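The block underneath contains the structure these notes are about, expressed in structure tokens.
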Number of protein chains: 2
Amino acid sequence: MYRKAAVRAAPADSGSMSGVTTDLDPTRVDRGTESEPPLSRRRERTRERLLDAAYGLFAEHGINGTSIEAVCEAAGFTRGAFYSNFDSKDELFLALTEREIRTRMRSLEVAVEHLPDDPVRDGVIAPDTIAAIVAAVMADPRDERRWCLMNAELELLALRDPQVAVRFAEQEESFRDELADLLTRVLTQVGMRFAIDPVAATRVLISAYTGAARDAFLGPAGEDAVLRAQSTDWLPALVGRLVEPDPAAA
Amino acid sequence: MYRKAAVRAAPADSGSMSGVTTDLDPTRVDRGTESEPPLSRRRERTRERLLDAAYGLFAEHGINGTSIEAVCEAAGFTRGAFYSNFDSKDELFLALTEREIRTRMRSLEVAVEHLPDDPVRDGVIAPDTIAAIVAAVMADPRDERRWCLMNAELELLALRDPQVAVRFAEQEESFRDELADLLTRVLTQVGMRFAIDPVAATRVLISAYTGAARDAFLGPAGEDAVLRAQSTDWLPALVGRLVEPDPAAA
DNA sequence: TGTATCCGATGCGCGAACGTATCGGATACA
DNA sequence: TGTATCCGATACGTTCGCGCATCGGATACA
């Protein structure tokens, strides 16, 4: 259990550090209705730094291939800091993926709000638009390769551990549903609709995009953009087959 | 280097290594034009047993999560046997995946030869037929869950190591091409064709099937069949969108 | 059946990583 | 300014897995 009640053996020093005044308490990160005691500033920053470091290392070497010590070193801490903040490597990983997925979901919500402002009027261009949206939403703006690896790692973990499987499945489902909504809305705006169940179609698109991204990253690094462009090339064609004119359109 | 030239600390015997008169010549598994010295019977069986054991363990706990010792124990050997047969865990894993992929390819070839005997005459039924073929070919007849996990593990490895990436990409490509051929042939028989590039369409189908299988295995074990059936449900619909009547058909 | 030659078993030392128990400095509040 | 509290650093002992060097039993041929 991290954050154990500090039962200390009262040292003799008592050196008082006038220190740099406040930094902590008043600025508690009050998280509305979070159950656990709110984290102090300091604490939250070290957590963040540990998570950042873990992101790179987990992506590059896998969960099992990364030692806790390596994470701490990369973050500029020692193991003591880690065990003070997390119970185990697994918990660290889950916290990390949750943070990343939250980011992803937020970008999707942003897309929902902002994209409809640009109504595409030509039905023919719809497939490319849809493909572009899928690509834009799926792609981690900052670091797609890492995201791809982390996701694969998470999938693997979920496939083995029923506990994380349910969480993973829920996340995927809500993401998928939201994306399906967005795409349906965009299609409606251009007088089209999915020719099959929208969620199923979204599922297909996600699978296709993910697979294409993976293939792209299998090639030599550096040509990522090029390869991905090529691989992504056939996505519009696929979208073209998944949509059809909406008879209910004006 | 496994199989090192037995440079034993030349004991007092000084028995002149009478040339390398080979020990198990007659039973050599002569593999036509394989480069390396053919393996003896005994050796090949222990290799096989090690691979079998590794299959289960790698699938369940991952490559990094599995110790060489665990593999040896599961196979009924000790580490000595392992190091006599393989250089490293990675090499073991690659040998394993190659064996499995060879199996998969063989089943695909069998499908190529045997399926055309059953010409489906009704065009409407084609989608289900295609979906069934995809499912039949993709599925490991014996142990689909394990295959799913192993494949994910292999992907991850390929994403990180350019060396295995090229091998992986080649394997995937040849598999995909062959499957595309098969599907195209079947479609032709029923007077249909892919509406988009056949290879692209096959790519989509593989992605979709793989994704569906993964989702199925995320649910509680035991209901595999049920869940998979549900998940697979929308595959025919997808196929229906990917094919169209062939104008060149009689 | 004898025997040279593999092949896998066994034993050992080493290093990495883990988890805990404890310490010292920094922080917030009186 | 004094002081209680928290947080991260440090220092252990332990366990695990690795890889090598060596040995004994099995195997195929003469």
Side-chain angles (χ1 to χ4, degrees), chain A residues 1-28 37-47 49-50 61 63-73 75-90 92, chain B residues 1-11 13-28 37-47 49-50 57 61 63-73 75-90 92:
Chain A
M1 297 305 177
Y2 64 105
R3 228 179 183 195
K4 41 189 83 169
V7 180
R8 189 114 88 94
D13 84 300
S14 86
S16 69
M17 293 332 222
S18 54
V20 192
T21 65
T22 78
D23 167 29
L24 289 192
D25 258 21
T27 45
R28 283 286 169 84
L39 307 153
S40 72
R41 268 287 159 83
R42 198 174 159 202
R43 202 170 180 76
E44 205 183 48
R45 266 187 318 191
T46 71
R47 263 183 79 100
R49 278 171 60 189
L50 283 169
H61 307 109
I63 308 177
N64 286 322
T66 304
S67 69
I68 292 179
E69 200 153 18
V71 175
C72 297
E73 191 177 357
F77 290 109
T78 58
R79 291 213 311 288
F82 174 84
Y83 283 106
S84 167
N85 281 278
F86 299 95
D87 271 354
S88 64
K89 206 159 58 170
D90 278 340
L92 169 65
Chain B
M1 302 302 180
Y2 64 105
R3 226 180 187 194
K4 37 190 86 165
V7 182
R8 246 349 157 104
D13 79 318
S14 83
S16 64
M17 310 291 225
S18 56
V20 194
T21 51
T22 68
D23 86 313
L24 318 152
D25 262 20
T27 45
R28 285 283 167 82
L39 305 153
S40 73
R41 272 284 160 81
R42 196 175 160 202
R43 205 172 177 74
E44 207 184 47
R45 266 187 318 189
T46 70
R47 261 183 80 99
R49 277 171 59 189
L50 282 171
L57 290 173
H61 307 108
I63 307 177
N64 285 323
T66 305
S67 69
I68 293 179
E69 197 156 19
V71 175
C72 297
E73 191 177 357
F77 291 111
T78 58
R79 290 213 310 284
F82 174 84
Y83 283 106
S84 167
N85 281 278
F86 299 94
D87 271 355
S88 64
K89 208 159 57 170
D90 278 340
L92 169 65

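A, B, ... follow the sequence lines: proteins, then strands. Residue 1 opens every chain. Computed from a predicted model, the values in this text were never measured in an experiment.
Protein atom CG of B:Asn64 is 10 Å distant from nucleotide atom P of D:dC18, rounded to whole Å. The interatomic distance linking A:Asp87 (CG) with C:dT20 (P) rounds to 9 Å, in whole Å. Between A:Arg45 atom CZ and D:dC6 atom C1' there is a gap of 15 Å when expressed in whole angstrom units. Here the P atom of nucleotide C:dC18 and the NZ atom of A:Lys89 are 6 Å apart, to the nearest Å. Spacing between atom CD of A:Glu73 and atom P of C:dA17 amounts to 10 Å, rounded to whole angstrom units. Between B:Asp90 atom CG and D:dC18 atom P there is a gap of 12 Å when expressed in whole angstrom units.
Here the straight-line distance linking atom CG of A:Asn85 with atom CZ of A:Arg49 works out to 11.5 Å at 0.5 Å rounding. Here the straight-line distance linking atom CD1 of B:Ile68 with atom OG of B:Ser88 works out to 7.5 Å at 0.5 Å rounding. Rounding to the nearest 0.5 Å places CZ of A:Arg47 at 11.0 Å from OG of A:Ser40.
Residues A:Leu92 and A:Phe82 are in side-chain contact: their nearest non-hydrogen atoms beyond the backbone lie under 4.5 Å apart.
C:dA16 is paired with D:dT15 under the criterion used here, namely a Watson-Crick or G-U wobble arrangement in which both key atom distances are under 3.5 Å. Across all strands shown, C:dC29 forms a Watson-Crick or G-U wobble pair with D:dG2, both key distances being under 3.5 Å.
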*What string of B, S and - do you get for nucleotides 8-14 of chain D, 5' to 3', when a contact is any protein heavy atom under 4.0 Å?*
SBBBB--
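What you find for A:Thr66 and A:Lys89 is that their closest heavy atoms are O-NZ, 2.9 Å. The two atoms that bring A:Ala81 and A:Leu50 nearest to each other are O-CD1, 4.5 Å, heavy atoms only.
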